[in-house]
Amino acid sequence: MSEADNNAAAGLDPQTLVEIAQRSSRILAEAMQRDTGAGSYSMGDELGIAKAFFDLSARLWSDPVKLAEMQFGLWQDYVALWQSSLLRLMGQPAQPVAVPDKTDRRFRNTEWEENFVFDHIKQSYLIAARHLHRAVADVQGLDEAAAKKVDFYTRQYIDALAPTNFAYTNPEVLRATIASGGQNLLDGLANLLEDLEKGKGRVRVSMTDPKAFQLGVNIATTPGKVVFQNDLIQLIQYAPRTETVFKRPLLIIPPWINKYYILDLREKNSFVRWASEQGHTVYVISWVNPDERFANKGFEDYMLEGPLAALDAIEQASGEKVCNVIGYCLGGTLLACTLAYLAAKKQAKRVASATFFVTLIDFSEPGELGVFTDAQTVDALEKRMNERGYLEGSEMANTFNMLRANDLIWSFVVNNYLLGKDPVPFDLLHWNSDSTRMPARMHTFYLRNMYVRNALREPGGITLDGVPIDVRDVKQPAYFVSTAEDHIAPWKTTFEGAKLLSGPVRFVLGGSGHIAGIINAPAASKYCYWSGERPAGDAEAWLGKAEQHPGSWWTDWAHWIAQHAGPRVPARVPGEGKLAVIEDAPGRYAGVHLDQR
């Protein structure tokens, strides 16, 4: 027996076990004390999930013939699996009854296919998952909101019960446990306790090493200066990277659901750096990470103190009254509102062109986010937000993570808690974990008017600062880029919003998803994009006629924006205009983390 085997057989360090037990008791006691201090509050069924499943059950039992057909289909597949497994056991070739999707990374380990036992467990799970999901999907008579909840939470249940998530049914975990004498599970428990401490009694799964990245050091490193700030924003002006620049500055409005530096992660994929290298004077809004003091900040405050204040500041800094503007996701929705507001105020000329990254203007089909944005759910969320003045950033992050639970939750549960490994340093996941809060008044307005009422698409459906707005009055040239696999802003719905604007519109569909499809530098030579005629009619019909291009859409946008950027002028250096430098980028607003006040 090797020395490693001897160490494994010797068992776990008793002192370590005692320390973990004491730490667990302390965390549990602290959590109970917090709950007691906050009062014993029970949500009941505020989100309507239990009612949705009760309605589902009633409709299932009301059609016993169909229910019997479902059960018979499940039985047939299991019989076929046993026959296939017996053939394999006897050394005969056999076709699998169920295979995972090509994009399903849970079963990548070769033992899931090569080992008879684990292959049987895998197929048994996939058969059950398929029939369970089909059973709830085929039920007729549920209202749309209930049907979406049933479908979504059934999938969450199915994903949670995957054999990959349990030590005894995951071959990789079993091997690690035998090889280390259980040390991986002990290390995993330590990781779990650390995440419980970080989440103050709630599990906040670590996706990456939080100590591996530091703003301004190895992420968000493009040189720039904060030249303006108010309660809600810091405005960053980036140093020029060319001797001459386009006359019209470029303002970027990122979403305030996350921090701006998704656009400036690393040198090789920084959109900010790349746009500067194309000759643009780039300004970026860095939103504050709000707390209870911002509870009464509304959506119109985000417009007035956000893009409108930034346009005024840019005029002071550069002397230019007209800008090109980009809005990303929620920042794009705000941009559409701002353009409609400026049109109503007869000030539309302040913006020469508008670019929308994965932006919803029409919210008729918001995808799976609709599960969290129906009227009943928003009522419950509003009550919770009003109690503390904001929506906690971790709650928003959990919502988005649930949309891709296998990749963004369960893969880390297996890695961190079962295999006992530390999460690897990954800049994108560091950004994803750097959540921000939402002021109660603003977020309620946004959810009720955009998602519940879908009022932005209606003329005068929304009033901002006393002004009824109509996005049909937006006449600036617009560039829409959406992504084919977007689970937050589905491209067919962004397509519908693009049709609402009155000016010339170029619509481009990129590959991949909400983040990777946008942060896709040309040098990476990844994915592709489609371009076609102005959005009209059916989205699929548009795509059928669109032209496919290799690589990144960034180059297509660069050609388009150059037509609206004006002639070249000498490069502008931050601080040389009428606005003095406040501090270096990325600035203090971006540096406020979730647990800081």
Exercise. Under the side-chain hydrogen bond (donor to acceptor under 3.5 Å, both in side chains) criterion, do Asn184 and Ser180 qualify, and how do the steps go?
Worked result: CA-CA 7 Å; Asn184 59 304; Ser180 68; 3.0 Å; yes

Exercise. Would one find more than 12 heavy atoms of other residues, nucleotides or ligands at under 6.0 Å from atom CZ of Phe116?
Worked result: yes

For this session: Can you measure from CZ (Phe357) to OG1 (Thr359) and round to the nearest 0.5 angstrom?
Result: 9.0 Å

Problem set entry | Arg59 and Asp63 ion-paired at < 4.0 Å | no

Exercise. Glu172 and Thr164: side-chain contact (heavy atoms from CB on, under 4.5 Å), yes or no, with the steps?
Worked result: CA-CA 9 Å; Glu172 187 178 4; Thr164 47; over 6 Å; no

Exercise. Got more than 12 heavy atoms from elsewhere within 6.0 Å of CZ, Phe54?
Worked result: no

Exercise. Taking atom types as modelled and ignoring hydrogens, do the side chains of Asp195 and Ser206 form a donor-acceptor contact shorter than 3.5 angstrom?
Worked result: yes

For this session: Output yes when Lys421 and Asp187 qualify as a salt bridge under the 4.0 Å nitrogen-oxygen rule, no when they do not.
Result: no

Exercise. Run the side-chain hydrogen bond (donor to acceptor under 3.5 Å, both in side chains) check on Tyr125 and Arg106 step by step: do they pass?
Worked result: CA-CA 12 Å; Tyr125 164 75; Arg106 293 174 295 178; 3.0 Å; yes

Problem set entry | No-hydrogen, no-angle side-chain donor-acceptor test under 3.5 Å, Asp151 and Thr154 | no

Problem set entry | Nearest heavy atoms of Thr208 and Leu429, plus distance in Å | CG2-C, 3.9 Å

Problem set entry | Closest non-hydrogen atom pair, Leu369 against Thr399 | CD2-CG2, 4.1 Å

For this session: Hey, can you tell me if Tyr446 and Tyr451 have their rings parallel, tilted or perpendicular (30° and 60° cut-offs)?
Result: perpendicular

Exercise. What are the two closest non-hydrogen atoms of Trp256 and Thr436, and how far apart are they?
Worked result: O-OG1, 2.8 Å

Exercise. Could you state the interatomic distance from CH2 (Trp410) to CG (Asp159), rounded to the nearest 0.5 Å?
Worked result: 8.5 Å

Exercise. Do you see a donor-acceptor pair shorter than 3.5 Å between the side chains of Gln123 and Asp119?
Worked result: yes

Exercise. Passes ring-ring contact (aromatic ring centres under 6.0 Å, His included), Trp75 versus Tyr78? Steps please.
Worked result: CA-CA 5 Å; Trp75 177 80; Tyr78 273 123; over 10 Å; no

Exercise. Could Glu144 and Lys148 be called an ion pair, given the rule that one side-chain N must be under 4.0 Å from one carboxylate O?
Worked result: yes

Problem set entry | Any side-chain heavy-atom pair of Leu189 and Tyr417 under 4.5 Å | no

Exercise. More than 12 heavy atoms of other residues, nucleotides or ligands under 6.0 Å from CZ of Arg175: is that the case?
Worked result: no

For this session: Look at the aromatic rings of His430 and Tyr261 and report parallel, tilted or perpendicular, splitting at 30° and 60°.
Result: tilted

Problem set entry | Residues Thr333, Ile361; criterion side-chain contact (heavy atoms from CB on, under 4.5 Å); working and verdict | CA-CA 6 Å; Thr333 304; Ile361 298 176; 5.6 Å; no

For this session: In sequence, state the C-alpha distance, the side-chain angles, and the governing distance for Phe166 and Asn170, and then conclude on side-chain contact (heavy atoms from CB on, under 4.5 Å).
Result: CA-CA 6 Å; Phe166 299 90; Asn170 186 320; over 6 Å; no

Exercise. Got Phe53 and Leu56 here, is their nearest side-chain heavy-atom distance under 4.5 Å?
Worked result: yes

Problem set entry | Rounded distance [0.5 Å steps], OG in Ser482 versus CG in Leu360 | 8.5 Å

Problem set entry | Salt-bridge contact Glu113-Arg108 (side-chain N to carboxylate O under 4.0 Å) | no

For this session: Taking only Lys NZ, Arg NE, NH1 and NH2, and the carboxylate oxygens of Asp or Glu, determine whether Arg437 and Glu392 approach each other closer than 4.0 Å.
Result: yes

Exercise. Which distance, rounded to the nearest 0.5 Å, do you find between the CD of Glu387 and the CD of Glu292?
Worked result: 14.0 Å

For this session: Take His120 and Trp82, measure what side-chain contact (heavy atoms from CB on, under 4.5 Å) needs, and give me the verdict at the end.
Result: CA-CA 8 Å; His120 185 88; Trp82 276 108; 3.9 Å; yes

Exercise. So, Asp209 and Lys211, do they make that salt bridge, N to O below 4.0 Å?
Worked result: no

Problem set entry | Whether over 12 other heavy atoms sit under 6.0 Å from Glu395 CD | yes

Problem set entry | NZ/NE/NH1/NH2 to OD/OE distance under 4.0 Å, Asp434 and Lys259 | yes

For this session: Could you please spell out the steps behind the salt bridge (Lys or Arg N to Asp or Glu O under 4.0 Å) verdict for Asp77 and Arg130?
Result: CA-CA 10 Å; Asp77 277 352; Arg130 180 173 64 200; 2.7 Å; yes

For this session: Evaluate the side-chain proximity of Val205 to Asn416: yes if any heavy-atom separation is below 4.5 Å, no if none is.
Result: yes

Exercise. How far does CZ of Arg448 sit from CG of Asn454, to the nearest 0.5 angstrom?
Worked result: 15.5 Å

Seminar exercise, completed: Looking only at heavy atoms, the pair that brings Asn218 and Ala212 closest together is ND2-O, 2.8 Å

For this session: Under the ring-ring contact (aromatic ring centres under 6.0 Å, His included) rule, what do Trp553 and Tyr529 come out as? Steps first, then yes or no, please.
Result: CA-CA 6 Å; Trp553 58 268; Tyr529 66 94; 8.2 Å; no

For this session: Work out which heavy atom in Lys492 is nearest to a heavy atom in Ala539; give both atom names and the distance.
Result: CG-CB, 3.8 Å

Exercise. So how far is it from Asp138 CG to Leu60 CG, rounded to the nearest 0.5 Å?
Worked result: 10.0 Å

For this session: Answer whether the closest heavy-atom distance between the side chains of Phe495 and Asp362 falls below 4.5 Å.
Result: no

For this session: Please report the shortest heavy-atom distance between Ala129 and Ile158, naming the atom on each side.
Result: CB-CG2, 3.4 Å

